Amino acid sequence: RTGQESETGVQFPPGFVWGVATASFQIEGSTTADGRGASIWDTFSATPGKVQNGDTGDPACDHYNRYRDDVALMRDLGVGAYRFSVAWPRVQPTGSGKPLQAGLDFYDKLVDALLEVGIEPWPTLYHWDLPQTLEDAGGWPNRDTAYRFAEYAGVMYELLGDRITNWNTLNEPWCAAFLGYASGVHAPGRREPASALAAAHHLMLGHGLAANVIRDLGAGAGRAPLVGIVHNQTTVRPYTDGEADVDAARRIDALRNRIFTEPLVKGRYPEDLLADVAAVSDYGFVRDGDLETISAPLDMLGVNFYNPSWVSGSREGVDPDDLGPAEYSPSVGSEHVVDVDTGLPVTAMGWPIDATGLYDTLTRLAADYPGLPLYVTENGAAFEDRVVDGAVHDEDRIAYLDAHLRAAHEAIGAGVPLKGYFAWSLMDNFEWALGYGKRFGLVHVDYDTQVRTVKDSGLWYGRVARNGGIGAAD
Ligand code: PNW
């Protein structure tokens with residue numbers, strides 16, 4: 001095991017939220033059913049060479065047809081909350097205008113099914129499935145997309161605001177902007193560094209506009225919705241204490257973390273970031289009032305954590321095969337910085353396992369933005385699972401979850417206002433550019449038969465959720 005685990009039990013505070021998470025494109029399937037519009041991930045996954053194996057959003061987990069069974073599965077596990085995302089093109093097939101009734105009905109029924117069994121619904125409004133029509137009009141680098149997003153947020157709040165308190169606007173704008181528009185490994189697959197910076201800004205503008213819409217509609221109806229955003233905030237560590245590596249860590253911290261959190265919480269972009277990207281962009285896309293909109297009141301911050309990174313600013317000692325062409329780097333203006341393999345044990349994604357990264361990420365956020373309630377909105381690991389006699393003995397995943405929950409518990413002990421934890425993921429699903437080959441689920445999915453098999457980690461996590469902590473015998 002890795003991290004600060006011990007064999008004693010740990011109990012989380014009363015009211016701690018225990019959840020599981022998924023995302024629409026990764027589980028729903030039925031990508032053309034009932035008038036759903038195309039998203040950038042439909043287009044991207046249909047483009048040869050973009051997704052491993054040629055995998056697409058069909059069939060995924062066929063959740064669109066099987067949502068009732070999946071809700072029952074969550075009830076049986078014993079989790080208290082479900083973080084899912086809404087497929088914008090199901091609701092507005094072209095990204096604007098009159099919503100489609102079938103799309104509204106699906107999320108309406110899903111939410112009712114969850115409430116019926118006492119599971120709290122936690123929607124995320126955007127987990128990367130942008131309507132293709134909006135991409136054709138320029139996508140996130142185009143300012144108008146932010147306004148379209150706010151309009152769509154209003155549609156969803158009107159539909160579900162009477163039953164839902166906790167709203168997240170965006171999932172991981174870093175991935176959407178920098179993997180989508182700089183490195184191009186995610187949809188829409190553009191390789192335009194300057195556009196990626198504009199995309200990041202307009203994503204955050206969309207967040208602020210949407211947060212205001214939700215808050216205003218809620219207040220008008222006599223409610224007080226809580227609005228947050230989900231980041232893949234991470235701890236970036238210099239590989240050595242040499243100057244080039246320390247500078248590299250500062251640059252990547254600015255590009256991955258502070259580019260989002262500083263405008264969000266303090267209403268400004270970090271000076272060092274603007275200097276690092278000056279040769280690429282003068283940030284002329286920022287208009288008067290944008291930073292006030294982006295720093296609209298925030299009720300909570302979601303943190304998706306998988307691993308810390310170690311970076312180096314000097315290519316010496318780094319295998320050139322690991323570098324790739326600089327223009328495909330997601331690190332705009334810092335293309336010389338590379339991730340370094342430290343030799344730690346890794347998951348099937350090749351991601352290092354080190355739960356101290358979660359502790360460091362949470363304590364740093366709590367120090368930089370005091371009082372802001374935090375949630376771990378995703379944490380989990382892919383491993384090579386095998387179904388044997390109707391069971392999956394994934395001790396490696398249990399060890400990963402155990403270590404990270406203990407790190408989260410330790411952060412609470414250090415005063416971090418961490419209010420909940422969502423495991424990624426409820427079930428195996430479409431892992432973006434890697435297709436169905438990478439399995440993150442607490443539940444195994446057979447994509448031929450759609451048979452679900454609860455893994456040992458699912459049984460373990462359900463017990464932890466029901467008991468509000470890890471027992472000494474777990
Ligand atoms: C997150 N990276 O994605 C997403 O929110 C999930 O949809 C996804 O399934 C999960 O993490 C596991 O990958 C990421 O390359 C994808 O750094 C790629 C990266 C980070 C997060």
Side-chain angles (χ1 to χ4, degrees), residues 19-28 39-41 44-45 50-52 55 57 60-61 63 83-87 122-130 168-187 189 196 203 228-236 252-253 255-257 260 302-311 322 324 328-331 337-339 346-353 357-358 361 375-383 397 400-401 404 422-442 445:
V20 290
T22 64
S24 49
F25 193 79
Q26 295 182 272
I27 64 165
E28 287 179 0
S39 76
I40 55 174
W41 271 96
F44 188 75
S45 61
K50 298 298 185 188
V51 174
Q52 272 188 30
D55 289 344
C61 308
H63 174 77
R83 175 175 175 250
F84 61 97
S85 80
V86 176
W122 281 62
T124 301
L125 293 175
Y126 185 73
H127 200 128
W128 309 350
D129 37 7
L130 184 72
N168 277 303
T169 54
L170 307 176
N171 179 73
E172 298 189 0
W174 180 82
C175 289
F178 293 100
L179 301 183
Y181 295 92
S183 72
V185 301
H186 277 189
L203 279 154
I229 182 169
V230 172
H231 284 301
N232 47 336
Q233 182 82 21
T234 195
T235 291
V236 183
I252 302 304
D253 178 54
L255 271 172
R256 284 195 69 135
N257 300 324
F260 299 111
V303 177
N304 291 353
F305 181 86
Y306 291 92
N307 57 273
S309 326
W310 285 263
V311 296
D322 290 342
Y328 295 170
S329 167
S331 302
V337 176
V338 293
D339 276 307
V346 295
T347 67
M349 298 290 281
W351 296 349
I353 303 174
L358 177 57
T361 297
Y375 288 84
V376 172
T377 34
E378 287 180 26
N379 177 237
F383 289 106
R397 186 172 289 101
Y400 180 97
L401 296 173
H404 286 77
F422 293 78
W424 184 270
S425 176
L426 166 64
M427 54 190 162
D428 296 338
N429 57 48
F430 176 82
E431 180 49 34
W432 306 113
L434 301 175
Y436 296 103
K438 300 289 178 237
R439 296 178 176 274
F440 276 89
L442 300 177
V445 176

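The analysis underlying the following values was restricted to heavy atoms, covering all of them including side chains, and did not include hydrogens, waters or symmetry mates. For ligands, and for the atoms within them, numbers begin at 1 and follow the listed sequence. Source: prediction; values computed, not measured.
- Residue H231 forms a ring pair (Phe, Tyr, Trp, His ring centres under 6.0 Å) with just one option from Y375, F305, F260, and that option is F260.
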* Asked: After noting the C-alpha distance and the side-chain angles of L401 and L442, does the key distance pass the side-chain contact (heavy atoms from CB on, under 4.5 Å) rule?
  -> CA-CA 11 Å; L401 296 173; L442 300 177; 3.8 Å; yes
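- Screening T22, N232, N304 for a side chain to side chain donor-acceptor pair (under 3.5 Å) involving E378 leaves a single residue, N304.
- The one candidate from W41, F44, Y181 that meets the ring pair (Phe, Tyr, Trp, His ring centres under 6.0 Å) condition with H186 is W41.
- Heavy-atom minimum distance, A182 versus A196: CB-CB, 3.8 Å.
- Side chains of S24 and D129: a donor on one and an acceptor on the other come within 3.5 Å.
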Could you list, one pair per line, each nitrogen or oxygen of ligand 1 together with any protein nitrogen or oxygen closer than 3.5 Å, giving atom names and the distance rounded to 0.1 Å?
{"from": "ligand 1", "atom 1": "3 (O)", "to": "E172", "atom 2": "OE1", "distance (Å)": "3.4"}
{"from": "ligand 1", "atom 1": "5 (O)", "to": "H127", "atom 2": "NE2", "distance (Å)": "3.3"}
{"from": "ligand 1", "atom 1": "5 (O)", "to": "N171", "atom 2": "ND2", "distance (Å)": "3.0"}
{"from": "ligand 1", "atom 1": "5 (O)", "to": "E172", "atom 2": "OE2", "distance (Å)": "3.3"}
{"from": "ligand 1", "atom 1": "5 (O)", "to": "E378", "atom 2": "OE1", "distance (Å)": "3.0"}
{"from": "ligand 1", "atom 1": "5 (O)", "to": "E378", "atom 2": "OE2", "distance (Å)": "2.9"}
{"from": "ligand 1", "atom 1": "7 (O)", "to": "Q26", "atom 2": "OE1", "distance (Å)": "2.7"}
{"from": "ligand 1", "atom 1": "7 (O)", "to": "H127", "atom 2": "NE2", "distance (Å)": "2.8"}
{"from": "ligand 1", "atom 1": "7 (O)", "to": "W432", "atom 2": "NE1", "distance (Å)": "2.8"}
{"from": "ligand 1", "atom 1": "9 (O)", "to": "Q26", "atom 2": "NE2", "distance (Å)": "3.0"}
{"from": "ligand 1", "atom 1": "9 (O)", "to": "W424", "atom 2": "NE1", "distance (Å)": "3.2"}
{"from": "ligand 1", "atom 1": "9 (O)", "to": "E431", "atom 2": "OE1", "distance (Å)": "2.7"}
{"from": "ligand 1", "atom 1": "11 (O)", "to": "Y306", "atom 2": "OH", "distance (Å)": "3.4"}
{"from": "ligand 1", "atom 1": "11 (O)", "to": "E378", "atom 2": "OE1", "distance (Å)": "3.4"}
{"from": "ligand 1", "atom 1": "13 (O)", "to": "E431", "atom 2": "OE2", "distance (Å)": "2.6"}

